[in-house]
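The figures that follow rest on heavy atoms only: side chains count, while hydrogens, waters and symmetry mates do not. Sequence lines set the chain letters: A, B, ... in the order given, protein chains first and strands last, and positions in each chain run from 1. Since this is a predicted model, take the numbers as computed values, not measurements.
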Number of protein chains: 2
Amino acid sequence: MKTDIEISQEAELLPIKAVAEQVGLTEDDLEAFGKYKAKIEFDTLRRLAEKPAGKLILVTSINPTPAGEGKSTVTIGLGDALNAIGKPTVIALREPSLGPVMGIKGGATGGGYAQVLPMEDINLHFTGDMHAITTANNALAALLDNHLQQGNQLSIDPRRIIWKRVVDLNDRALRHVMVGLGGPIQGVPREDGFDITVASEIMAILCLATDIEDLKQRISNIIVGYTYEREPVTVADLKVEGAIALLLKDAIKPNLVQTIYHTPALVHGGPFANIAHGCNSILATQTALRLGEYTVTEAGFGADLGAEKFLDIKVPNLGKAPDAVVVVATIRALKMHGGVSKDALGLENVAALVKGFANLQKHIENMKAYGLPVVVAINEFVTDTADEIQALKELCEAIQVPVELTSVWGAGPVGGKALAERVVQVIEAETPNFHTIYASGVSLEEKITTIVTEIYGGKDVSFSPKALNQLKTFHKYGWNRLPVCMAKTQYSLSDNPALLGRPEDFTVTIREFVPKLGAGFIVALTGDVMTMPGLPKHPAALNMDVMPDGTAVGLF
Amino acid sequence: MKTDIEISQEAELLPIKAVAEQVGLTEDDLEAFGKYKAKIEFDTLRRLAEKPAGKLILVTSINPTPAGEGKSTVTIGLGDALNAIGKPTVIALREPSLGPVMGIKGGATGGGYAQVLPMEDINLHFTGDMHAITTANNALAALLDNHLQQGNQLSIDPRRIIWKRVVDLNDRALRHVMVGLGGPIQGVPREDGFDITVASEIMAILCLATDIEDLKQRISNIIVGYTYEREPVTVADLKVEGAIALLLKDAIKPNLVQTIYHTPALVHGGPFANIAHGCNSILATQTALRLGEYTVTEAGFGADLGAEKFLDIKVPNLGKAPDAVVVVATIRALKMHGGVSKDALGLENVAALVKGFANLQKHIENMKAYGLPVVVAINEFVTDTADEIQALKELCEAIQVPVELTSVWGAGPVGGKALAERVVQVIEAETPNFHTIYASGVSLEEKITTIVTEIYGGKDVSFSPKALNQLKTFHKYGWNRLPVCMAKTQYSLSDNPALLGRPEDFTVTIREFVPKLGAGFIVALTGDVMTMPGLPKHPAALNMDVMPDGTAVGLF
């Protein structure tokens with residue numbers, strides 16, 4: 001069987017100009033990066049924003065398990081299949097982080113015959129957006145520490161700095177560090193820590209900003225820490241919003257690439273959905289909506305994380321709700337949610353599947369709670385048996401949810417045809433009645449309680465003493481009216497990664513908040529979730545190599 | 001008077017294809033990055049390497065002062081002027097680091113009417129090389145700390161790790177840090193530090209590697225630290241040379257841009273000359289030598305640093321010595337070397353100029369000691385008086401060195417015509433008799449002593465107890481036969497930045513060594529030189545901004 005990278009290297013790509021022409025763009029609309037990647041110019045983005053938007057399909061999934069659910073693969077395959085049935089479609093995805101690429105996954109551009117290309121480039125440095133974000137984030141940190149060193153005119157309390165440095169890598173040794181050691185000319189000693197770049201507020205801002213002015217305003221609003229008098233200090237106080245925005249002037253432009261079947265794909269922005277808001281950029285989605293009659297996009301991890309934030313954070317900024325939601329599940333993953341161990345997933349087990357269906361059912365209910373039409377996509381695996389497939393279809397039909405088997409991984413667009421047709425049918429038949437899960441005016445505690453009880457299915461919320469203290473500050477400054485960005489394990493509906501299936505009666509603990517006023521939300525850290533992942537015992541990097549001609553090896 | 005960025009934004013650039021066509025390259029030889037930047041493909045590099053090399057001109061300078069000497073400007077202007085007098089010329093430069101760009105200088109792409117363009121892009125993220133190097137360096141660090149965390153099979157002593165993380169910023173608070181704090185699941189606590197990216201061994205390797213295989217071999221050879229038994233641990237031991245090389249597969253390709261007057265310029269690699277080897281990449285220089293009849297290149301800071309390393313480290317790898325050396329000086333800077341304060345540089349002072357000439361004279365003598373023909377370029381400033389210019393010319397003529405006034409900053413190629421003609425004349429008349437300053441087989445102590453006494457003009461060398469201890473290790477492993485890469489202040493011929501002019505009778509202290517076996521040299525840290533710069537009280541970043549259409553502001 002061919003690996004993803006082998007399939008991708010055999011694919012014949014169209015010049016990016018030709019991909020752009022399919023959606024009415026010319027060479028002047030593009031800033032090419034090599035032959036197969038391009039950024040879309042500002043003028044074009046502005047011109048397109050005037051056009052009416054097409055239909056939006058959001059792809060989400062059950063809680064991920066080590067068995068895999070294949071959400072990106074289905075997203076890409078569905079886009080290809082829609083084009084194949086004559087519905088002009090553009091895909092809008094997030095760009096991968098090198099952390100998981102070098103760590104566990106080895107790549108994040110779909111799989112099999114549903115990939116965005118060139119996969120090596122997209123998985124490695126792509127058009128440099130991640131690096132620009134890392135640099136902008138760390139330039140701000142360096143300027144902040146320099147302010148402390150050069151007299152600290154703003155009276156910033158070094159113990160109350162909340163702006164962390166970032167690297168786009170899994171590097172646990174940087175989670176908790178001391179900086180500024182070595183004596184008076186080496187900076188002001190203080191406790192600090194690094195996050196992974198995708199958790200940076202700069203990433204969130206890049207994904208939510210609608211143009212350079214909005215970008216700069218949002219950067220100005222970032223809270224970097226507090227003074228000795230506990231007053232917030234912003235980037236505007238440091239007067240460096242211009243420099244930080246300048247470092248992002250190209251990164252803010254969406255990237256155009258193509259799938260194996262030449263479907264245009266805008267791959268731009270990549271916040272993780274467990275520790276950040278989990279959606280690709282507003283500019284990319286907005287542009288895709290103007291370039292295609294249909295846009296297929298995804299939000300990270302399960303519907304409790306990515307989709308919740310897509311709907312409660314991104315949609316109000318985007319000004320357009322999905323016309324349908326596709327929830328992806330695999331029979332293997334549902335069996336894991338039903339209690340089967342990883343070793344036994346190859347064996348038929350309808351009972352476990354029925355039990356694990358509870359996880360899928362909760363996500364379906366949640367998406368319907370937002371007033372959105374839902375379609376279930378069963379992403380087929382070779383180990384699935386006819387009885388299992390039949391059982392899952394019946395479970396979906398019993399709760400009146402359309403369901404289709406897809407095999408885009410092995411078969412490409414043909415394998416997604418039934419799903420594509422079903423999604424179009426649903427969109428043409430049903431009018432969504434979208435509303436966010438919480439009203440925008442309610443308090444932070446109320447928003448979190450609503451998410452925990454209504455989306456996660458938990459009993460209640462417990463706030464740590466630190467979090468309760470922070471809530472007082474937020475109330476003082478009026479920040480508790482902002483949306484909440486939940487940081488929670490992706491593996492469970494609860495904040496305990498071990499609770500698979502559809503846990504009940506659990507309490508979610510809010511450990512700490514991080515105010516992100518540039519992004520326009522408050523991050524709530526639950527359970528043990530970490531904003532800097534670690535590498536596994538055998539990192540994917542150990543399998544990687546490069547041939548003398550520059551060909552990449554080992555990026556699965 | 002127009003600023004550099006205003007001049008650059010008014011310039012009409014040719015499409016990069018047209019620039020490439022001037023030197024016989026087609027679109028197939030290029031990987032475009034936007035309309036005005038491109039990388040040169042591997043196949044092309046290999047094909048060109050078969051061709052005979054043209055003439056090589058190395059531009060260097062006196063010790064820099066706050067008055068400025070304009071080495072990059074003269075390098076670019078000389079290239080333009082050579083083309084203007086009918087000598088097909090390609091320029092080979094280093095790429096800027098964001099550290100000084102955001103810190104002091106605000107840009108490093110020449111000035112006035114002698115600039116490489118697009119200056120905003122080159123000064124900011126360019127084609128992403130710096131970021132790829134930063135990422136490769138830090139991926140190695142993360143994999144190393146992960147090795148410690150996951151059982152430390154290689155028995156690496158956490159107290160004896162020498163591989164540091166990097167950022168491409170001036171960030172003094174990262175010079176000395178503690179990492180791995182926070183308990184057993186957050187890594188192994190140890191002392192650590194960050195360097196600026198341009199000091200990374202990965203940068204040196206990228207600049208010295210001749211192809212992907214050489215790159216990978218050099219990466220394998222990197223020493224990351226020592227075991228508890230004091231045995232060196234290499235990247236090959238960690239088995240991650242493939243992954244690290246993969247991250248550099250595009251960064252290793254030279255970047256093609258143009259000057260205001262459309263002279264092709266290869267801008268690639270950017271080690272600083274005070275803390276690293278200070279030369280652009282072998283691949284870029286080698287390629288330039290095949291594309292032009294003349295190649296003009298520069299080495300960083302004064303001839304004691306950049307030129308010494310160009311001649312003793314780069315030339316043996318490049319396999320081609322310069323045909324002539326241009327030493328750049330300004331009357332203002334020589335007056336500073338003669339004792340004039342910065343405020344009084346606008347006033348005529350021939351006596352101080354005569355005194356300060358000693359600095360220029362020492363660099364001229366040094367270049368001649370390598371067996372190379374020398375031309376002095378006086379980079380004209382508006383404050384220079386006729387008497388001062390006349391005096392400087394006479395001083396040069398008295399020691400039989402050709403000298404020409406250049407005004408490329410204000411006048412472009414016309415202002416460099418006399419210099420260009422003189423350099424061609426010298427190259428056509430004189431045959432260089434190049435030799436490195438030390439024989440390759442002698443010990444490290446001997447090499448350092450030769451550099452200190454013959455190049456710096458010092459009395460002797462003092463080795464710290466730590467350095468002496470390290471020499472024993474190096475001797476044990478045979479590393480003391482490697483070339484030395486001196487890390488020294490750029491401001492003085494000595495290791496004390498306050499000693500301007502031509503100091504004598506000084507001792508240079510070797511504080512510590514850093515073995516860089518991938519680069520193939522041993523770094524010798526002298527005096528107080530730091531491998532991570534700090535930001536000044538008013539960083540250049542404070543003046544930077546970006547307009548709503550993406551136009552950069554404040555990159556001088």
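The part of D121(B) that comes within reach of chain A is its side chain, from C-beta onward, which places non-hydrogen atoms under 4.5 angstrom from that chain. With a 4.5 angstrom heavy-atom cutoff, L124(A) touches chain B only via side-chain atoms. No part of P189(A) comes within reach of chain B, as not one of its non-hydrogen atoms sits under 4.5 angstrom from that chain. Interface residue L30(B): only backbone heavy atoms are found under 4.5 Å from chain A. Within the 4.5 angstrom heavy-atom criterion, only side-chain atoms of L98(B), from C-beta onward, approach chain A. With a 4.5 Å cut-off on non-hydrogen atoms, K37(B) touches chain A through its side chain but not through its backbone. Within the 4.5 angstrom heavy-atom criterion, only side-chain atoms of Q149(B), from C-beta onward, approach chain A.
In this structure, the separation between CG on D192(B) and CG on L174(A) is 8.0 Å, given to the nearest 0.5 Å. From M102(B), atom CE reaches atom CG of L143(A) across 6.0 Å, with rounding to the nearest 0.5 Å. Between the CD1 atom of I212(B) and the CG atom of D549(A) there is a distance of 8.0 Å, given to the nearest 0.5 Å.
Q186(A) and R175(B) share a donor-acceptor pair across their side chains, judged by distance under 3.5 Å alone.
Here the side chain of K249(A) pairs no donor or acceptor atom with the backbone of V546(B) at under 3.5 angstrom.
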### Message
Could you walk me through whether L246(B) and L555(A) satisfy the side-chain contact (heavy atoms from CB on, under 4.5 Å) test, starting with their C-alpha distance in whole Å, then the side-chain angles of each, then the deciding distance to 0.1 Å, before giving a yes or no?
### Response
CA-CA 10 Å; L246(B) 178 61; L555(A) 286 168; 4.2 Å; yes

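For residues 139-150 of chain A, the pairs satisfying salt bridge (charged side-chain N to carboxylate O under 4.0 Å, His left out) are D145(A)-R165(A), D145(A)-R190(A), with sequence neighbours left out.
Counting only heavy atoms from C-beta outward, the side chains of D211(B) and P548(A) never approach each other to under 4.5 Å. For the pair H176(A) and V179(B), the minimum side-chain heavy-atom distance is 4.5 Å or more.
In this structure, H131(A) and H131(B) have tilted ring planes: the angle between them lies in the 30° to 60° band.
Comparing M178(A), M130(A), E31(A), K239(A) by how many heavy-atom pairs each has under 4.5 Å with chain B, the most go to M178(A). Among T551(A), L247(A), N543(A), N138(A), the residue making the largest number of heavy-atom pairs under 4.5 Å with chain B is L247(A).
Heavy-atom proximity under 4.5 angstrom to chain B picks out E41(A), F42(A), R46(A) from residues 39-47 of chain A.
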